Q: 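Provided herewith is a single structure, encoded as structure tokens, for subsequent inquiry.
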Amino acid sequence: MARVTKPKDEGEQFAAFMDTLAEAAIAATDRELIDDAAAAGIDIKVEGARVRGVLGDAVLSAKKERLKNAAAAHERSVAAFNARTARIPAGAEAQRRLLDRLVNRSPAMRQTVMTLQHREFDELSEADVASALRQLDALGYLDDDLASDE
Amino acid sequence: MAKNIGAGEPGEGAPDATPEEVEAAIKGVSDADALRLGRVGEFYARNLAGLGLGISGDDLLAEAMKRTHQGRRHWKKKKVTFVKHLCEAMRSIASHAPDKLHGAVIVAAAEDTGPGTAVAIATPFPDARRLTSAKEQLAEIRAAFADDEEVGLVIECMADRAKGPEIQADLGITEKQYEAIMLRLRRGLDRKAGWRA
């Protein structure tokens, strides 16, 4: 086996030495590892359980981090949704006008609104109109329409 | 030197293990393999001692496991054993740790930051500090075996990046003699250099 380039300094020498020790440990037989540990006075069973514990704790840590990231992503999503909701006009009349403008521009939009609200268009209450606008905004249908309303 | 960590069958495009499979693999880690993981982590961590981060072998092992569970490191179950995968992950994490600190700003560590938190850099020159630490550790190792010429020669060969067969050829020794010297080296590091308290 040809040597790779010689280490430049003692930092690299030490790294090479530790790498070789690690490689030897990876390739060692179970017997060698157990005998070395016993020679150092290490309780094999206790050490085995301890290392498996390190692995188990790492999994718990990974799961906690995943939950934390999911919670943060959810918060960002909710904040983004709330920011969009704030763009919809406040009053019932202004909201109804906005919705009418949308459906008049696109007949397909009328059907979409009825589907969203499970109701005939003419039967939409004020709450239905507000809800429909929030959902349409979340879907991106209002981006061109959210000009100021009277 | 007998190998007892075998790779699985090679598999082109072998799928990654799922987080559930990774977690389940812990139960299959034998006591001997646990010792192996502990030792490998310790050896790689010693090389990072000079960074002043307090990274232990357990920290490296935990990080390797965490990244594997999160899918940031991919365990190809059909290609490599779990233990071998973790060993390679530890090697990779340790080898990249100094790069991440290149040009880092000094921040004093708070009392409650655990080991491995990458803020406890106590010098503006992490490379210089690491070199100093490496020099000191090498000097300690050489001193520990000053009375064992054969081990001393093997240490120098290892520091020169030579591997087993090459060392045997360079020193004109048999495999059995080499293994006996390595045994003295390992046990001596534990006992004489105090690596295993």
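The figures that follow rest on heavy atoms only: side chains count, while hydrogens, waters and symmetry mates do not. Predicted model only: the values in this text are computed from it and were never measured. Throughout, a chain's letter reflects where its sequence line sits, starting with A, and its residues are numbered from 1.
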Q: Test your reading of the model: is there a side-chain donor-acceptor pair from B/Thr68 to the backbone of B/Ala64, 3.5 Å cut-off?
A: yes

Q: Taking every non-hydrogen pair under 4.5 Å, which of B/Arg39, B/Glu42, B/Gln70 racks up the most with chain A?
A: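 Maximum pair count with chain A is reached by B/Gln70.
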
Q: Under 4.5 Å heavy-atom distance to chain A, tell me which part of B/Arg46 shows up: side chain, backbone, both or neither.
A: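 Answer is both: backbone and side chain atoms of B/Arg46 are under 4.5 Å from chain A.
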
Q: Is there a side-chain contact between B/Phe43 and A/Thr20 in this structure, where contact means two heavy atoms from C-beta onward sitting under 4.5 Å apart?
A: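 No; the side chains remain at least 4.5 Å from each other.
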
Q: What part of B/Leu37 gets closer than 4.5 Å to chain A, counting heavy atoms only: side chain, backbone, both or neither?
A: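 For B/Leu37, the contact with chain A is made by the side chain alone.
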
Q: Go through B/Met65, B/Glu156, B/Arg191 and name the one with the most non-hydrogen pairs under 4.5 angstrom from chain A.
A: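 Among the listed options, the one with the most contacts to chain A is B/Met65.
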
Q: Based on non-hydrogen pairs under 4.5 Å, which of A/Ala16, A/Ala49, A/Ala39 is most in contact with chain B?
A: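 Counting heavy-atom pairs under 4.5 Å, the top option is A/Ala16.
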
Q: Pick from B/Leu185, B/Leu86, B/Asn47: which one has the most heavy-atom pairs with chain A under 4.5 Å?
A: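 When all of B/Leu185, B/Leu86, B/Asn47 are compared, B/Asn47 has the most.
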
Q: Say whether B/Arg36 and B/Ser30, considering side chains only, have a donor N or O and an acceptor N or O under 3.5 Å apart.
A: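 No, because no side-chain N or O of B/Arg36 sits under 3.5 Å from a partner of the opposite role on B/Ser30.
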
Q: Using a cut-off of under 4.5 Å for heavy-atom pairs, which of A/Leu21, A/Ile34, A/Val51 has the most such pairs with chain B?
A: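 Among the listed options, the one with the most contacts to chain B is A/Leu21.
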
Q: Please rank B/Ala134, B/Ala169, B/Ala159 by heavy-atom pairs under 4.5 Å with chain A and give me the top one.
A: B/Ala159

Q: Select, from B/Leu189, B/Val40, B/Ile26, B/Ile141, the one with the greatest count of heavy-atom pairs under 4.5 Å involving chain A.
A: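 Of the options given, most contacts go to B/Ile26.
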
Q: Return a table of donor-acceptor pairs under 3.5 angstrom between the side chains of residues 54-63 of chain A and protein atoms on other chains or two or more places apart.
A:
unit_1: A/Lys63; atom_1: NZ; unit_2: B/Glu23; atom_2: OE1; d: 2.9
unit_1: A/Lys63; atom_1: NZ; unit_2: B/Glu23; atom_2: OE2; d: 3.4

Q: Answer with side chain, backbone, both or neither: which region of B/Ile155 has an atom nearer than 4.5 Å to a non-hydrogen atom of chain A?
A: both

Q: Considering residues at least two apart in sequence or located in another chain, which fulfil the side-chain hydrogen bond (donor to acceptor under 3.5 Å, both in side chains) criterion with B/Gln177?
A: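 side-chain hydrogen bond (donor to acceptor under 3.5 Å, both in side chains) check on B/Gln177 returns B/Thr174.
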
Q: Heavy-atom distance under 4.5 Å to chain B: side chain of A/Arg66, backbone, both or neither?
A: side chain

Q: Please say whether more than 12 non-hydrogen atoms of neighbouring residues, nucleotides or ligands are located less than 6.0 Å from CD in A/Glu65.
A: yes

Q: Examine the side chains of B/Glu136 and B/Thr132 and answer whether a donor and an acceptor come within less than 3.5 Å of each other.
A: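 Distance-only check fails for B/Glu136 and B/Thr132.
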
Q: Are a donor atom and an acceptor atom from the side chains of A/Ser125 and A/Asp128 found within less than 3.5 Å of each other?
A: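 Yes, a side-chain donor-acceptor pair sits under 3.5 Å.
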
